[in-house]
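Here's the structure we're looking at; comments come further down.
Just so you know, these numbers come straight off a predicted model, no measurement behind them. Chain naming here is simple, since letters A, B, ... match the order of the sequence lines and numbering starts at 1 in each.
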Amino acid sequence: MSAPVHETPGREEAGLVIDDLVVDYPLGRRRHRRAVDGVSLRVPAGRSVGLVGESGSGKSTVAKAVLGMAPIGSGAVTYGPARLHEAGRRDSRPQEIQVVFQDPYSSLDPTKTIGYTLAEPLRARADRTGTPLGRAECQDAVRAILDRVGLPPDTADRYPAQFSGGQRQRISLARALIVRPELVICDEAVSALDLSVQAQILNLLLELQQDLGLSLLFITHDLAVVHHIAEDLVVLYRGRVMESGTAADVCRAPSHPYTRQLVMSAPLHSVGGQRERRERREAMTPPPARALPLAEACPFTHRCPFAVDRCRTERPALREAPHGGRVACHRVEELPDWTEPFGPPASTPHHENGTL
Amino acid sequence: MLRLIGNRIATSIPLLLIVTLIVFVLQAFVPGDAARTILGENANPQTVAALREQLGLNEPLVSRYGDWLAGALHGDLGTSIISGVDVMSSLDTRLGVTLSLLVPSMLLSAVAGIALGFASAVRGGFLGRVIDVVSLLGFALPSFWIALLLVAALAERANLLPATGYTPFAESPGDWLRSIVLPVIALSLHGITAVAKQTRDSVAEVLEADYVRFLRANGVGTTSLLLRHVLRNAAIPVVTSLGLVSIGMLSGAVFIENVFVLPGLGTLATQATLDHDVPVILGVGVVLTLAVIVVNLLIDIAYGLLNPKVRAA
Amino acid sequence: MTTTAPETPTALPAAADAHRGILRSVLRTPRGSIAGGFLLLLILATLLAPVLAPADPLRQNLHHVLETPSSRYWLGTDSLGRDLLSRLLYGGRPALAGVLEGVLAQLVVAVPLGVATGYLGGRFDRFVMRVCDIVMSVPTIVILLGVLTIFDRSIAAAMITLGVLSAAGTLRVVRGAAMTVRQELYVSAAELLGLGRVQIIFRHILPRCRGVIIVQTSLFAAVAIGIQTGLTFLGLGPPPPSPTWGGMINESAVTLSRAPWLLVPAGGLIALTVLAFGILGDVVRDVTAQSHTSSGGLRARPASGRRAPEAPVEVPGSEAEAPVLLRVRDLDVSFLTPHGEREVLTKVGFDVRAGRTLGLVGESGSGKSVTARAVLGLLEANGAVTGGSVRFRGRELTRASRKELAAIRGTGIALISQEPMVALDPSFRIGAQLGEVVRAHTRMSRGAARRRVLELLEMVELPDPEEIVTRYPFQISGGMAQRVAIAAALAGSPELLIADEPTTALDVTVQADILALLRRIQADTGMAVLIVTHDWGVVADICSDVAVMYAGQVVESAPVEDVFARPSHPYTAALMAAGPEHAPRRTPIKAVEGTVPPPGDRPAGCRFRTRCPLAEADCAEQEIPLLPVGEHRTSRCIHTAHLEARR
C-alpha cells in the first residue's frame, strides 16, 4: 500500500511520508466514524502535492493527522527521521512543517498585533531550545518576512481587524514561513477568498515555493486551483484514495470513474466548452443514488455507472493505472478512454500584459 | 424525551441532598448554637450542655444528618427548636400562601412578558421604547421597594386593596384575590420585564433568520410567519429565561411576603433565620428545592416539545 | 465548503478596536461614560463619607423628624430626625463592600474554572458542568438564609456565598466564550508551535474572554446590590441603628402613609446603582461582541431621499425578443451602519427577459446579493431602497404596498438562497413547510396540498418523496435541502426565480446536479432566472445574459457569449483572467492588485480606476455612465477602445 505517489529518484526517504493512515473519530459510546481509511501519500522535498476531495472526503483530517490534531488509529506518518504517528498530542511537532488554514478571519488572534503574532513562533522556538532571542533580531525577522509576502513594514504594529481577507492570508503565510519550514500544508488556504485575491495568493505561493524550495501539501476541493499549483495530485473520496498521479494527468485524463465525474462537474469558463462538458456528464450520469456501500466495498459503487457485483463485495486496491499514476478501481482496464479539456484552451494565446 | 425527564429526576436527588447538607455542614460552624439561642446569653454552661445533649447536638455531624435524612424520608422534618411545632405541619399550612403568590406570578410573567416582548420586536417604534423604559425600571427597582410603593399608592392612599394580610381561598375567593393582587404585581414586575426583554431579543434575531426571509420571499403570509415560525423558533431562549425568572421568584417571594405580611414560607424562613432555627430553615429548603425541581422539569418538557432534535431522538 | 463573505456592510467584523482597552471604548460611549462616572462618584462619596457627610448618621434630632429636603437636611430626615444624606453615604459602605465581596468570590471561582473547562474540555469539563447544573438549581435564598442563621447576620458571609452560587452561571458563560475561542484557528496555530496550555490560556484565550467576564460581573453586581439591600431590608444585616440602604427602606415602611418621601432617596439610589451596573454591562457587551442580528439591532432605515431617476439608459435590443419581465433602473440602496449611512448600491440597472437567465456576477462587496434582496423588498431592517425603480411586468415594486408585494412573492418572483440548510425552518418537518407554502398560494384542502407537495418533490427529482416529507431539515443533506428549497420556490409557479448563490455552499458534483435541475425546470416551465454568483463556470453553464457588478454598480451587461469572448470592461477582463484556468499551469496568474473597495471608501469617478491598468486622468473626472458598446451591450468604461486594442 505504501507506494510513492510519484517517484523521485534518490529522495525516497526525504519529505513527508504517510503510510496506510487510518483516523477514527468517536461518535458517542462504542461508535466511531472512519474519516480517513488507509490513505498513503508522499510529499517529497521541494514538490507540491495536491490533495483534492469533496466535503466528507477526509482531506482536512489527513492534514490534522500530520499536525497531531487528529487521533491516528493506525498507519504511519513520518517526516525524515521524525515518526509523527508515535508523538503524543502534547509533544512538540517538527517545526519544519507549518500550516496555513482556510479561514483568514479565525487564523489571527484579534487581540494581538501582527508583529506579536509573527514573532510568537520565534519566541516559542527560543523557549524550546533555550537560545536567547534578541529584540532587534526578532524585529528584523518580522520585517523581512512581511516584505517577503508583500506587506509593508508598518503592518507589524497593526491589528488583524485592519486587514482584508487576502492580507490576512498573507500574514498567516508569513507566520508559517518565519521559522523557515521545509513543508507548508495549505488547508483550503485560498478557498474563502475572492477570485482576484485568490489569484494573488496563488501567485505568491508559487513564487515562494520556487524561491525557497518549499514542499507544499495543498488541500482543496477546487480542481482548477489544484491543477494550477500542484505537481502531483491525490484524489480522496470518503476517506480513501481513489486515484493519484501527476496533476496534469489526473485532471486531463482521469482514470477513476469518480475522478471523471469530479472533473466533469467542475464547470469550464467557456460557454461552448462547458456545453460539451455538460453533455458528456449528462450522458454518463448514473441512476439516482442507491444505499451507501458497505465498508468492504468500493466507496463509490452507489454513484458509479460502471459498478458490478465485485465492486460491492471487494475493496479495490490502489494499483498502477494503464495510463500512468495509480488508481483504485477493479474495472479500470475496461473503462473507455477519456480525456477532458482542462486549463486554458489551446487556441487562446497568452499575452503577458502586466497585471491585467 | 423520557430519558431526558428521567435524567433530570436522577440529578434532582443529589440536589436535595446537597442543599440540605450545605445547611447542615454550615451548622457545624455555628457560633451561637441553638441551645444557647433558646436559653439566652446568660444561661449557665451546665444547662446549655444538658440541652445540647437533649437536642442531639453532641452527636457527630454525619450521624445527625443521617438521622435527619431518615426522618425526612418518613415525612418527619423534626420540630422547631424555638416553638417546638412540627416543621412538616407548619410548612403544610404555609405552602398554600406561597403557592398563591408564586403560581399567578409565574403565569403573569410568562403571558405578559411574551406578549409585550413579541409586540415590541414586531412593531418596534414607540411601543419598543416604552417597553425599554419599563424594562429598565423593572430591572433597577428592587421588588420590595415597588411593593411598598404599591402599598402606599393603591392600598393606603386610594384604599382599593388591602395593604397587608392574607385570606385563604377556601374562606373567600374574592378576598383571596384581593389579598394577592398587589403582592403578585410586585413580584412579577421584574419577571415580566426579564421575559419581555428576552422575547424581544430572540424574536428580533429570528425575524432576520434566513428561513424567515426564504418563506416570506416564497409567499408565506406575515401572520403565519410570525405566529408559526417566529414564535416557535424564538421560544427556546424565552423558556430558559422563564425558568430562571421562576427560580428567582422563590427568592423574591421571601421579600414580598415580608412586605405584605403574608403567612407564607418566606416569612417563616425569615423568622427562623433571626431565631437560628435550623430545622425550620432545612424544611423550607426542602420545599423550595422541590419547587426548583418541578420548575426545571417543566422547562425540560417544554424544551423537548419545542426542539425537534430532542423529539426525533 | 466555501462560502463567500457576507456582503452587507454591517457584517464587517465588528469590535475592530475592542481589544485595545475595553475601558476606553466604553467610556467613549455616552451611556458608558454616564454609568461609569456615576459609579466612580458613588464609590468616592461612600469612601469619603466621614468627610462629606453633613451630620453623624446616628445622631437623632427629635425636633426635626420626617422632614422633606431643606437647605439644612438636603434629603430630609427620618422618623428619628437623622439626616438622610449622611445615612445614605454611610449605608453605601456595606452595600458596595457587599458587592465587592460577592464579585471577588464569583471571579475567583468562575474565571479559572470557566476558562479551564472551556479550553480543556473532556471529563473534567463534564464533571464541572454537572456540578454547575446542580448549583444553578439551588434556591439561593435558602442557602443565604442558612448562612445568615449560622454566621449571625454577617452580610459579608452571605455575599460571598451569593458570589460562589452565582459563579455557576458566570462559569458557563466564560466556558462558552473559551470554547468559541478554542475553535479559532489561531489557537490551533499556537498549539502547533508547541506552546504550553497555560501559555495559550493566558496569551490567547483569556484576553478574548475579558469582554464576557466584565459583562457578567456588571450584571452580577446589579443583582448583588438588589440582594444586599433586600437582606438588610429584612433586618438580616447589621442591626439598627447602623445605616443600611435596605434598612432605610424598611424604616420608611413604618411611616409610609405619613411620609412617603422617605421611600425616595434610598430607593432611588439603589435603582440608580443597579441601573449603572446594568448599563455598564450592556455597553461592554456592545463594544466587545458582535450583535446577534445582521442589522446590528439598527431598525431605523436611511432617509429615503428619492432621487429622480435619470433618463434611463435603454439597453439596445429589438423588442421583438422575449418581453422584459423584470426591469431594474437606477436602483440605489443604503444601509444604516454604526458608522453612519452607507450607500451600497448606486444606480444599478438590468433587465431579465422572460424565459432567459441573467447572471449577476461579482466578488464580495460588489452588491450582487443586496441587489437580489432589494428586488424582492427583503432588505435587512437597516437597509432601504433610496432611489430608482424595480418593475416586474410593468408594476413598480419599490413603492408597492406590503400586500401587493406579498401577492407577487412566490407566484410572480420566488427565491432560493445560498445556504439551503438555513433556508428551511429547523422546527418544522419538510412536508409541513412545503404544505404551508403551497397553501399560501392556492386555497386547497390538506389532502390536496399534500399531493401537490409530493408532486413538487418529484419535480425536483428527490427519491422517495413520501419519506422526505416526514424529515426535519437537519436530517437531510445540503444538496437535498437545496432541492427542497427549489420545490418550495416552484410551489407558486413563479415567472422569475431569483437564485442567490444557490450552489456556493455545495460540493461541485452536487452543484452540477442542481444546475442541471434548474436548467430542466426552466425548459419545462419557461421560468426566467436571475442568478447571483461569483463563479464564471456557473455563468458559462447556465446564463444567457450577464451583468457584472463592481463596488455597488453594474459595470457591464452583455449576452453570455460576448462576455466570455470579448469583455468590454477592464474589470470583467481582470476578473475572468484571475481564474487559474486561464493561466498555464504553475505560472503566475494575471491577478489584478488590491480588493473591492468597501462602501464609504470608493474612489470618485470610475470606481475601478485605482486598480485598472487602463486608467487615465479622465477616469477620475466624472461619474462614468453605462455606455452602449455595439448591439445588446453596455459598459461603464470610457476607454473600451483601449481594451479592444490590447486584446
Side-chain angles (χ1 to χ4, degrees), chain B residues 11 14-15 18-19 22-23 26-27 29-32 124 136 139-142 144-145 148-149 151-152 156 201 204-205 208-211 213-221 224 229 232-233 247 250-251 254-255 258 269-270 272-273 276 278 281 284-285 288-289 292-293 296 306 308-309 312, chain C residues 133-134 137-143 145-150 152 226 229-230 233-236 249 253 256-257 260 263 267 270-271 274-275 278 292-295 297 299 376 378 380-381 406 409-411 414-415 417 419 422-427 436-437 440-441 472 474 485 488-489 491-492:
Chain B
T11 54
L15 177 62
I18 284 172
V19 171
I22 290 175
V23 177
L26 287 174
Q27 198 187 201
F29 301 103
V30 169
L136 270 184
F139 171 73
L141 291 168
F144 55 88
W145 190 87
L148 281 175
L149 193 72
V151 169
E156 308 213 326
D201 288 354
E205 195 176 332
E208 295 199 354
D210 277 19
Y211 52 83
R213 189 204 311 277
F214 176 78
L215 290 169
R216 191 195 295 270
N218 290 309
V220 173
S224 164
H229 299 278
R232 171 71 175 274
N233 284 290
I247 293 173
L250 301 179
S251 304
V254 173
F255 301 120
N258 275 288
T270 314
T273 306
H276 300 292
V278 174
I281 296 275
V284 175
L288 292 190
T289 308
V292 171
I293 290 168
N296 280 338
L306 288 168
K309 285 189 191 172
Chain C
D133 273 344
I134 291 173
S137 305
V138 167
T140 315
I141 192 75
V142 173
I143 305 289
L145 292 180
V147 166
L148 287 167
T149 311
I150 290 149
D152 203 23
T229 53
F233 170 77
L234 293 183
L236 298 173
I249 292 179
L256 194 58
S257 52
L263 263 181
I270 294 171
V274 173
L275 262 189
H292 300 293
T293 57
S294 54
S295 65
R299 286 191 65 103
L376 274 171
L378 291 172
E380 281 84 354
R409 288 176 187 150
T411 49
L415 173 87
S417 53
E419 294 280 353
V422 294
L424 302 173
D425 186 334
S427 303
E436 190 178 352
V437 176
H441 300 309
Y472 284 101
F474 64 87

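B:Leu215 CG to C:Leu415 CG: the interatomic distance, rounded to the nearest 0.5 Å, is 10.5 Å. Atom-to-atom distance recorded for C:Ile249:CD1 and B:Phe144:CZ is 4.5 Å, nearest 0.5 angstrom. Between the CG atom of C:Leu234 and the CG atom of B:Asn258 there is a distance of 4.5 Å, given to the nearest 0.5 Å. Interatomic distance, CG of B:Leu148 versus CG of C:Leu256, reported as 6.0 Å (0.5 Å rounding). Rounding to the nearest 0.5 Å gives a distance of 10.0 Å between CG of C:Leu376 and CZ of B:Arg213. How far CG of C:Leu424 is from NE2 of B:His229: 10.5 Å, rounded to the nearest 0.5 Å.
Residue B:Ile293: no heavy atom, backbone or side chain, is found under 4.5 Å from chain C. Residue B:Ile281 touches chain C through both its backbone and its side chain, counting heavy-atom pairs closer than 4.5 Å. Contact of B:Leu288 with chain C is made through backbone and side chain together, with heavy-atom distances under 4.5 Å.
Per-residue counts of heavy-atom pairs under 4.5 Å with chain B were compared for C:Thr140, C:Val142, C:Ile270; the largest is that of C:Val142. Note on C:Leu263, C:Leu148, C:Thr411, C:Thr229: by heavy-atom pairs under 4.5 Å with chain B, the leading option is C:Leu263. For the set B:Val151, B:Val220, B:Leu141, B:Leu149, the count of heavy-atom pairs under 4.5 angstrom toward chain C peaks at B:Val220. For the options C:Gly235, C:Ala440, C:Gly226, C:Gly230, heavy-atom pairs under 4.5 Å to chain B are most numerous at C:Gly230. Between chain C and the options B:Ala152, B:Ala140, B:Pro14, the largest number of non-hydrogen pairs under 4.5 Å is found for B:Ala140. Ranked by heavy-atom pairs under 4.5 Å with chain B, the first of C:Gly278, C:Ala491, C:Pro426 is C:Pro426. Highest contact tally toward chain B, considering only C:Ile143, C:Val437, C:Leu145, C:Leu275, is held by C:Leu145 [criterion: heavy-atom pairs under 4.5 Å].
Side-chain N or O atoms of C:His441 include one that pairs as donor or acceptor with a backbone N or O of B:Asn218 at under 3.5 Å.
The heavy-atom pair separating C:Ala485 from B:Phe214 by the smallest distance is O-CZ, 3.4 Å. In terms of heavy-atom proximity, C:Leu378 sits nearest to B:Ala217 at CD1-CB, 3.3 Å.
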